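Worksheet: the structure to be examined is printed underneath.
Owing to the predicted nature of the structure, the values given are computational and were not obtained by experimental measurement. Atoms considered below: every heavy atom in the structure, side chains included; atoms not considered: hydrogens, waters and symmetry mates. Lettering follows sequence order; numbering is per chain, from 1.
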Number of protein chains: 2
Amino acid sequence: METLLPKFDSIFSIDCVIFGFDDGELKILLIERNQEPFKDWWALPGYIVEQDESIDHAAERILYELTGLRDIYMDQFYTFGDVNRHPQGRVITVAYYAMIRLNGNKELKPVSNYASKAVWTSVNDLPKLAFDHEKIFSRGFEKIRNKISYQPIAFELLPEKFTLTQLQQLYEVILNKKLDKRNFRKKMLNYGILKELDEKQKGVSYRAAKLYKFDKRKYSKLFHKELTFGK
Amino acid sequence: METLLPKFDSIFSIDCVIFGFDDGELKILLIERNQEPFKDWWALPGYIVEQDESIDHAAERILYELTGLRDIYMDQFYTFGDVNRHPQGRVITVAYYAMIRLNGNKELKPVSNYASKAVWTSVNDLPKLAFDHEKIFSRGFEKIRNKISYQPIAFELLPEKFTLTQLQQLYEVILNKKLDKRNFRKKMLNYGILKELDEKQKGVSYRAAKLYKFDKRKYSKLFHKELTFGK
DNA sequence: AATATAGTGTGTATATTCTACACTAAGTAA
DNA sequence: TTACTTAGTGTAGAATATACACACTATATT
């Protein structure tokens with residue numbers, strides 16, 4: 001650790017795997033780089049950490065610049081520090097994942113100065129990515145796949161009001177397996193962390209499903225009990 | 001992420017929470033600092049990452065310098081990047097935990113140049129630590145507490161040959177709760193990842209227990225199946 | 001008005017896993 | 001030989017997980 005502080009020319013950056021759920025698909029936000037190295041390649045959004053900001057702050061800033069959103073669910077998941085991961089010098093990057101409620105609305109306030117555009121891309125259909133970003137993505141995806149089984153992160157991706165079918169679809173795409181409808185509902189409702197609303201789905205051409213909300217209050221009460229979803 | 005690389009004066013360090021199990025107690029290795037800041041305080045072992053080494057390599061190097069051991073089980077668990085965590089400047093630190101087989105033998109090849117001594121200390125009896133090292137320790141401990149329930153990391157702390165009682169004790173100190181002997185043994189043996197040896201414990205003044213080995217080969221075969229220990 | 005369509009919503013039986021619980025066996029020390 | 005200490009073992013009941021299929025409802029179409 002820290003001693004009398006010789007100064008090195010190392011750079012920190014943050015990279016973000018930003019998840020969204022839309023159209024029954026799990027997506028991440030990719031940017032197209034407009035600078036060398038890897039000009040015109042797709043990459044994870046990220047940027048350099050300023051001298052006087054914490055890494056969490058840097059992650060929030062990057063997300064805000066890219067999406068115009070604040071108070072997003074974010075979590076640091078791994079730090080990548082191979083010597084040659086960046087062709088122009090030593091860059092250590094701290095990776096975060098974030099969860100965004102798309103609500104069918106994929107508009108973003110575009111876009112910082114090093115990217116020409118940002119696009120939501122299905123995780124099943126990713127292009128080649130710059131740097132070691134494929135590795136970073138895989139690890140982030142793995143992380144949420146684990147986490148969804150014991151933490152209520154799915155609700156961060158859904159609109160405030162959602163149907164049980166939507167919730168189940170989301171579990172299915174993240175866990176990459178079919179779940180049984182009856183068992184899923186039984187288990188989910190048993191936890192008692194969903195509030196059933198008096199409202200129904202609108203604009204569908206078939207029987208409308210009931211809407212539910214995630215009940216944070218009840219969840220917090222159960223919090224010490226670990227919940228296991230999605231098995 | 002990475003663009004044309006302005007250079008900042010930031011420092012990377014590595015800090016290690018090094019676990020050992022001895023005497024029925026879970027311990028970590030602390031060093032006493034012989035330099036400012038926090039001279040004479042206890043701290044987690046750590047050091048600065050060199051320009052031309054990966055962070056994993058730095059972690060291994062630090063461990064080797066401190067203990068003379070290589071090929072230790074290590075895992076990165078979190079990166080601490082608050083602006084003011086180091087009184088003398090911006091230092092971002094990547095934290096690792098490591099698991100060492102003490103085998104009753106607590107000798108270490110002492111000790112690098114910034115520490116006057118290194119001591120194994122029970123996790124239940126830690127002194128105040130320098131910097132934010134208490135936070136780092138807590139997070140690392142939490143991490144192995146979770147991990148032990150689905151990965152066979154406990155065996156990294158035990159001697160090659162161990163008794164089921166030793167294994168259970170280790171689970172108990174990490175999970176911080178009593179486990180039922182019969183249920184523990186049933187479950188553990190059921191996994192089929194322990195090899196029963198023809199040997200028994202020696203030097204005890206009561207009935208000697210059978211010795212077991214962790215069977216890595218069998219474990220790897222089951223690997224995709226997630227194991228859950230210790231519930 | 002009748003019908004087709006598409007997704008909603010529900011129960012039960014079986015298998016598996018978890019939990020609680022207490023005594024005898026074996027080896028050592030005196 | 002006896003006293004002591006830990007090793008080693010089974011079963012019954014509760015809880016949880018899994019497998020599985022059909023009737024209902026709202027809308028769109030004719």
Side-chain angles (χ1 to χ4, degrees), chain A residues 21-25 104 148-150 158-159 161-173 175-213 222 225-231, chain B residues 23-25 104 148-150 158-159 161-173 175-213 222 225-231:
Chain A
F21 180 62
D22 186 49
D23 231 348
E25 283 191 304
I148 201 177
S149 296
Y150 60 94
L158 291 172
K161 303 170 181 184
F162 51 85
T163 69
L164 290 178
T165 301
Q166 288 172 327
L167 184 59
Q168 181 177 344
Q169 279 173 349
L170 178 51
Y171 272 86
E172 287 178 341
V173 297
L175 297 172
N176 194 29
K177 64 178 174 194
K178 275 268 165 214
L179 301 173
D180 179 85
K181 183 159 68 159
R182 276 177 292 191
N183 294 336
F184 180 81
R185 286 167 178 239
K186 211 187 315 170
K187 191 166 184 181
M188 198 54 75
L189 293 173
N190 258 345
Y191 285 127
I193 60 173
L194 297 184
K195 189 189 289 175
E196 186 180 325
L197 303 177
D198 273 339
E199 259 173 286
K200 299 203 162 181
Q201 227 178 356
K202 275 175 192 145
V204 290
S205 71
Y206 45 81
R207 177 180 179 181
K210 270 185 238 165
L211 292 172
Y212 291 81
K213 259 178 144 169
L222 299 173
K225 269 184 139 195
E226 276 212 348
L227 306 181
T228 60
F229 299 106
K231 289 271 169 75
Chain B
D23 234 346
E25 284 192 303
I148 201 177
S149 296
Y150 60 94
L158 291 172
K161 301 170 182 182
F162 52 84
T163 69
L164 289 177
T165 301
Q166 288 172 329
L167 183 61
Q168 183 178 343
Q169 278 173 351
L170 178 51
Y171 272 86
E172 287 178 342
V173 297
L175 296 172
N176 193 29
K177 62 177 174 195
K178 275 269 166 212
L179 301 173
D180 179 84
K181 182 159 69 158
R182 278 178 289 194
N183 293 339
F184 180 82
R185 288 157 108 96
K186 211 186 315 168
K187 190 165 184 182
M188 198 53 74
L189 293 173
N190 258 347
Y191 286 126
I193 59 172
L194 297 183
K195 189 190 287 173
E196 185 180 328
L197 303 177
D198 273 339
E199 259 173 286
K200 298 202 163 180
Q201 225 177 358
K202 272 173 197 150
V204 288
S205 71
Y206 45 79
R207 175 178 179 182
K210 270 186 237 163
L211 291 172
Y212 291 81
K213 260 175 138 169
L222 298 173
K225 268 187 139 192
E226 273 211 352
L227 307 182
T228 59
F229 300 104
K231 287 268 171 78

| query | Between D:dA17 atom P and A:M188 atom CE, what is the distance in whole Å? | reply | 12 Å
| task | Grab the NZ-C1' distance between B:K181 and D:dG10 for me, whole Å please. | result | 14 Å
| message | Heavy atoms from C-beta onward define the side chain here; which of C:dG27, D:dG8, C:dT10 lies closest to that of B:K200? | response | C:dG27
| note | In whole angstroms, the gap separating C1' of D:dA26 from NZ of A:K202 amounts to 15 Å
| task | Could you tell me the separation between the CG atom of A:L164 and the P atom of C:dT10, rounded to a whole number of Å? | result | 9 Å
| task | Remember a base hit wins even if backbone is also touched, and classify B:T165 as base, sugar-phosphate or nothing at under 4.0 Å, heavy atoms. | result | sugar-phosphate
| Roughly how many Å is it from CG in B:L179 to P in C:dA20, rounded to a whole number? | 11 Å
| message | Assuming nearest nucleotide by heavy-atom distance, tell me which of A:L189 and B:D180 is located more 5' along DNA chain C. | response | A:L189
| note | Rounded to whole Å, CG of A:N190 lies from P of D:dA15 at a distance of 13 Å
| Closest to the A:N183 side chain, choosing from D:dT18, D:dG10, C:dG27 | D:dT18
| request: State, yes or no, whether a side-chain contact exists between B:F162 and B:L194 at a heavy-atom distance under 4.5 Å. | output: yes
| query | What parts of residues 205-213 of chain B reach DNA chain D, counting only heavy atoms under 4.0 Å away? | reply | B:Y206, B:R207, B:A209, B:K210
| field | Note, A:L197 side chain near A:K161 side chain (heavy atom, < 4.5 Å) | value | yes
| said: Whole angstroms only, please: what is the CZ-P distance between A:F184 and D:dT18? | reply: 13 Å
| field | Side-chain donor-acceptor contact under 3.5 Å, B:K187 with B:N190 | value | no
| said: Taking only side-chain N and O atoms of B:R185, does any of them lie within less than 4.0 angstrom of OP1 or OP2 on D:dG8? | reply: yes
| field | Phosphate OP1/OP2 of D:dA17: any A:K187 side-chain N/O under 4.0 Å | value | yes
| request: Taking all heavy atoms of A:D180 and all of A:N183, pick out the closest pair and write down the distance. | output: OD2-N, 2.8 Å
| With respect to the side chain of A:K186, which nucleotide from D:dT18, D:dG8, C:dC21 is positioned closest? | D:dT18
| said: Main chain of B:K178, side chain of B:E172: is a donor-acceptor contact present, judged purely on distance under 3.5 Å? | reply: no
| How far does OG1 of B:T163 sit from CD of B:Q169, to the nearest 0.5 angstrom? | 7.0 Å
| task | Nearest 0.5 Å please: distance from the CD1 atom of B:I193 over to the CE atom of B:M188. | result | 6.5 Å
| Given atom CD of A:Q201 and atom P of D:dA26, what is their separation to the nearest angstrom? | 13 Å
